[in-house]
Amino acid sequence: MFEIVAVRGREVLDSRGNPTVEAEVELASGAVGTACVPSGASTGSREALEKRDGDKSRFGGKGVLQAVKAINEDLASAVMGLDARDQAFIDKTMRELDGTPDKSRLGANAILAVSLACAKAAAAECALPLYRYLGGAGAVVLPVPLMNVINGGVHADNSLDIQEFMLVPWGFDSFREALRAGVEVFHALKAKLKAAHHVTSVGDEGGFAPNLPSNRAALEFLVEAIQAAGYKPGEQVALAIDAAGSELFTGEGYDLAGEKRFGLDAGDLVATYEEWVRDFPVVLIEDGLAEGDWEGWKLLKARLGHRVVLVGDDIFVTNPALIARGQKEDVANAVLIKLNQIGTLSETLEALRLTLHHGWKAVVSHRSGETEDTTIADLAVGCACGLIKTGSASRGERTAKYNRLLRIEEELGETGRFAGPWLFARSAS
Ligand SMILES: O=C(O)[C@@H](CO)OP(=O)(O)O
Ligand SMILES: [Mg+2]
């Protein structure tokens, strides 16, 4: 009954109003799995390739009809008849059919959509929720949400250099309470920004996008908002940033243009982060440096690795080979996990295994261009990694993931465990 009998692709829209790919996989039993793929703006150069039509007469060239065609023709005939539970074999078959290292012939967007739809169809046929299908009996850990409440960089039209300022509501007993605290801080932040005559329109991931005079000002606002909402900064709600270092790098140095600081070297930037970590409850820094600056990353790890979670996004692009190199060269202690950076579920699971087995942390992540698809919520619970990054609580494509986690927590009942307390305890020790 797990035999794949039909595969359909279609062009749908993402949260930025750009086209993206959806796939449906149908099994002999009639069970159907549907998956949409997201799309990034601050992409790593070594990410698997998202295929776009380039035909300017449709969506300014961003259409995905070629990827849809690849699903309906090439991928459909390759996976038809296979057992949907054989995820690794299905993904290997699609990879080999594509034949390129970056999945550029058929498109990583096409391949990932089919890969995820297979898993969802198989889970449905097993009558299991996706997180249980992926993670088995141990899938009981609810992740700490990294809530991006101030947007800058390429995700917003403002002067902030740092792409994401996030809340880390970890000092709570349940995901529900942690999310509530994050949302209350979000509202307190809005009131504070308004009172200071800043705009409260939101960026791509639903965080506010004010024109603050400096990155420190953003951190100050956040600490004040945590207090105004009645929480203890650091202990209950900590802070995190994604500097998106590759976007700050000009080829010669790093620019914090909003602060009028230009041509910084890695040492200057690391010193700046050290000051922020000293003065604010910043517990996690993602992409502190550019993807090619491995020496800079080593410096960052040596200086802050003992007390801060240092997450590699563009530098690793969810690629097992790059993660292995990063572990060998000791450049970070955590990895951002994005399904569409690598392009299949199996390779994503391999990246997760490699990361967690090495004692590093993994953060399952959305993209800045998202859809209503909630796969990452189930993946975060399924792999029990304890951390998810999926934006703020003011846009439907982000709340879809949070709401899915609320439902999973309810379903798990007393057996569910929120990761916050042990993450906090480990960082405090
Ligand atoms: O840099 C990031 O981590 C992501 C998601 O927040 O952004 P994008 O999807 O634009 O790469
Ligand atoms: Mg990032």
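None of these values were measured; they are calculated from a predicted model. Whatever order the structure lists them in is the order used to number ligands and atoms, beginning at 1.
- Near D313, meaning under 4.0 Å from one of its heavy atoms, ligand 1 places the atoms 1 (O), 2 (C), 3 (O).
- Residue contact check: K389 has heavy atoms under 4.0 Å from atoms 2 (C), 3 (O), 5 (C), 6 (O) of ligand 1.
- Distances between N or O atoms of Q163 and those of ligand 1 include at least one value under 3.5 Å.
- Under the side-chain contact (heavy atoms from CB on, under 4.5 Å) test applied with N72, the options V68, D74, L75 reduce to a single match, V68.
- For the residue pair S368 and S15, the shortest heavy atom distance occurs at O-OG, 3.7 Å.
- Not a single heavy atom of A244 lies less than 4.0 angstrom from ligand 1.
- Relative ring orientation between W360 and F316 is described as tilted, the plane-to-plane angle lying within the 30° to 60° band.
- Near K338, with a cut-off below 4.0 Å to any heavy atom, the atoms of ligand 1 are 1 (O), 2 (C), 3 (O), 4 (C), 11 (O).
- A donor and an acceptor atom, one from each side chain of R261 and T272, are located under 3.5 Å apart.
- Distances below 4.0 Å separate heavy atoms of D242 from the following atoms of ligand 1: 1 (O), 2 (C), 3 (O).
- Looking at D242 and the Mg ion (ligand 2) together, the shortest N, O or S contact belongs to OD2.
- When OD2 of D313 and OE2 of E286 are joined through the Mg ion (ligand 2), the resulting angle is 90° to the nearest 10°.
- Among V282, I285, V277, the single residue meeting the side-chain contact (heavy atoms from CB on, under 4.5 Å) criterion with L239 is V282.
- A donor atom on one side chain and an acceptor atom on the other are found under 3.5 Å apart for S246 and D314.
- Nearest heavy atoms, S392 versus V149: OG-CG1, 4.2 Å.
- Between E286 and ligand 1, an N or O atom pair is found at a separation short of 3.5 Å.
- Using the six-membered ring where Trp is involved, H198 and F221 have ring planes that are perpendicular, over 60° apart on the 30 and 60° scheme.
- The Mg ion (ligand 2) has no N, O or S atom of D287 under 2.8 Å away, backbone or side chain.
- To the nearest 0.5 angstrom, S39 atom OG is 6.0 Å from D14 atom CG.
- Residue K120 forms a side chain to side chain donor-acceptor pair (under 3.5 Å) with just one option from D378, D373, T34, and that option is D373.
- Taking every non-hydrogen atom of H155 and a distance limit under 4.0 Å, the qualifying atoms of ligand 1 come out as 7 (O), 8 (P), 10 (O).
- Note: no N/O pair closer than 3.5 Å links G40 and ligand 1 by distance alone.
- Any N or O atom pair closer than 3.5 Å counts here, and S365 shares no such pair with ligand 1.
- Atom 11 (O) of ligand 1 has its closest protein heavy atom at R367 NH2, 2.8 Å.
- Under a 4.0 Å criterion applied to the non-hydrogen atoms of L336, ligand 1 contributes the atoms 3 (O).
- In summary, the atoms of ligand 1 found under 4.0 Å from a heavy atom of H366, numbered by their order in the structure, are 5 (C), 6 (O).
- With hydrogens left out, the protein atom closest to atom 5 (C) of ligand 1 is E205 OE2, 3.2 Å, a heavy atom.
- Every atom of ligand 1 is numbered from 1 in the order shown, and the set under 4.0 Å from a heavy atom of A41 is 8 (P), 9 (O), 10 (O), 11 (O).
- Put simply, the residue from E372, E370, H366 that forms a side chain to side chain donor-acceptor pair (under 3.5 Å) with K401 is E370.
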